[in-house]
K.L.:
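First, the structure itself, so that you have it in front of you.
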Amino acid sequence: MKSDEPLPPASGNVKSAQRILDLLELLGTEVRGWRLTEIASELDIPKSSCLMLLQTLAQRGYVEKSQDNSWSMRSALLDQSGWVGGRTGLLRQIALPELKALSHRIAQTAVLGVLTAKPEVKVIDTVQSTADIRYEIPLGTRFPVFCSAMGRCFLAFGRPGFAESYFAATPRLPKFTRYTVNDPDTLRDLIAEIRRQRHAINIEEHVIGAASVAAPILDRDGTIVAALNVGCVTPSYFENQTRINAAVHETGLRISALLQTA
């Protein structure tokens with residue numbers, strides 16, 4: 001039975017449990033070895049606390065330490081794309097059939113991305129297009145927040161103040177291509193437009209020859225938890241622009257609805 005009563009403040013034990021889950025989801029969404037310093041930085045926790053959590057998880061058989069001192073989740077707990085448990089696992093379970101249907105429908109690569117602590121956008125699931133000429137986005141690919149379609153969804157639908165805190169923390173945004181928009185005032189206008197239309201479009205701002213359309217995945221309270229993205233080679237996008245935009249928009253709404261009732 002669901003309750004509308006507020007949750008009590010997190011105790012130390014609850015905070016440790018949250019960190020353990022964050023750690024498992026981090027290790028499980030990118031199948032590689034992680035250095036202790038990387039994990040601590042990604043989760044924004046002290047190295048000493050991070051090491052204690054890793055050692056506890058290793059003793060219980062969830063993670064393992066390799067000879068090069070990197071940490072990873074045990075292979076028995078992973079499928080081809082990553083960990084199948086936790087909140088991220090639920091999100092992937094809901095979204096993957098929709099990604100497959102979307103990719104098949106428009107013959108483009110479809111991916112699901114989440115925001116990291118850095119912050120960056122990390123791809124946690126991908127369905128590659130089967131077209132002969134396609135834009136491939138491997139699992140674990142990371143995109144900058146300000147000049148990717150998924151990243152701009154997080155700027156538009158993130159917690160109050162997130163966009164401004166991001167701009168304050170990164171006053172000099174780089175240009176990746178001649179088309180990169182890196183002026184904060186222009187980005188603020190784009191963010192407002194994304195909020196209105198509920199999808200973001202990026203044309204060759206991060207990679208020349210690549211275009212992307214993304215839509216937010218929202219939880220029950222309207223919080224963005226992920227972004228759905230379709231990646232195309234630029235000519236293919238312009239040939240099918242209206243169809244691709246509509247398909248991404250509709251699929252984003254559908255995944256959000258499924259997540260909110262899960």
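Because the structure is a prediction, the values reported are computed rather than measured.
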K.L.:
Quick one, Leu155 with Val145, criterion side-chain contact (heavy atoms from CB on, under 4.5 Å). Give me CA distance, side-chain angles, the key distance, then yes/no.
P.N.:
CA-CA 8 Å; Leu155 291 173; Val145 170; 3.5 Å; yes

K.L.:
Tell me which pairs pass salt bridge (charged side-chain N to carboxylate O under 4.0 Å, His left out) where either residue lies in residues 187-216, with sequence neighbours left out.
P.N.:
Arg152-Glu205, Glu164-Arg188, Asp185-Arg188

K.L.:
Report the hydrophobic cluster partners of Ile208, with the cluster defined as I, L, V, M, F, W, Y residues connected by side-chain heavy atoms closer than 4.5 angstrom, directly or transitively.
P.N.:
Tyr179

K.L.:
Suppose the criterion is salt bridge (charged side-chain N to carboxylate O under 4.0 Å, His left out): which pairs have a residue in residues 94-106, not counting sequence neighbours?
P.N.:
Glu98-Arg254, Arg105-Glu250

K.L.:
Got Leu99 and Asp125 here, is their nearest side-chain heavy-atom distance under 4.5 Å?
P.N.:
yes

K.L.:
Are the side chain of Asp68 and the backbone N or O of Ser70 linked by a donor-acceptor pair below 3.5 Å?
P.N.:
yes

K.L.:
Quick check against the 3.5 Å criterion: does Asp183 have a side-chain atom that pairs as donor or acceptor with the backbone of Thr186?
P.N.:
yes

K.L.:
Quick check: does any side chain N or O of Ser148 sit under 3.5 Å from a backbone N or O of Pro144, one acting as donor and the other as acceptor?
P.N.:
yes

K.L.:
Let me see the working for Val230 and Ile244 under side-chain contact (heavy atoms from CB on, under 4.5 Å), right down to the final yes or no.
P.N.:
CA-CA 8 Å; Val230 160; Ile244 291 171; 4.1 Å; yes

K.L.:
I'd like to know if the side chain of Arg220 reaches the main chain of Gln260, judged simply by a donor and an acceptor atom lying under 3.5 Å from each other, with no hydrogens or angles considered.
P.N.:
yes

K.L.:
What pairs meet the salt bridge (charged side-chain N to carboxylate O under 4.0 Å, His left out) rule with one or both residues in residues 52-66, with sequence neighbours excluded?
P.N.:
none

K.L.:
Is Ser72 close to Trp34 at the side-chain level, that is, under 4.5 Å between some pair of heavy atoms?
P.N.:
no

K.L.:
Got a sec, which pairs hit salt bridge (charged side-chain N to carboxylate O under 4.0 Å, His left out) with one end in residues 126-136, sequence neighbours left out?
P.N.:
Arg134-Glu136

K.L.:
Leu173 versus Leu187: any side-chain heavy-atom pair under 4.5 Å?
P.N.:
yes

K.L.:
Assess, by modelled atom type and distance only, whether the side chains of Thr180 and Asn182 contain a donor and an acceptor separated by less than 3.5 Å.
P.N.:
no

K.L.:
Counting N and O atoms only, with roles assigned by atom type, does the side chain of His249 sit under 3.5 Å from a partner on the main chain of Gln197, one being a donor and the other an acceptor?
P.N.:
yes

K.L.:
The test is side-chain contact (heavy atoms from CB on, under 4.5 Å); show your working for Thr116 and Val121 and say whether it passes.
P.N.:
CA-CA 6 Å; Thr116 70; Val121 179; over 6 Å; no

K.L.:
Please test Thr126 against Gln128 for side-chain hydrogen bond (donor to acceptor under 3.5 Å, both in side chains), starting from the C-alpha separation and ending with a verdict.
P.N.:
CA-CA 6 Å; Thr126 178; Gln128 303 293 343; 3.0 Å; yes

K.L.:
Tell me, yes or no, whether the heavy-atom count around Lys175 atom NZ, taken from other residues, nucleotides or ligands under 6.0 Å, exceeds 12.
P.N.:
yes

K.L.:
Please name all residues satisfying ring pair (Phe, Tyr, Trp, His ring centres under 6.0 Å) with Phe143, sequence neighbours left out, ordered by chain then number.
P.N.:
His206

K.L.:
Within the side chain of Ser41, is there an N or O that forms a donor-acceptor pair under 3.5 Å with the backbone of Thr37?
P.N.:
no

K.L.:
I'd like to know if the side chain of Thr141 reaches the main chain of Ile137, judged simply by a donor and an acceptor atom lying under 3.5 Å from each other, with no hydrogens or angles considered.
P.N.:
no

K.L.:
Hey, is the main chain of Leu102 close enough, under 3.5 Å, to the side chain of Thr251 for a donor-acceptor pair?
P.N.:
no

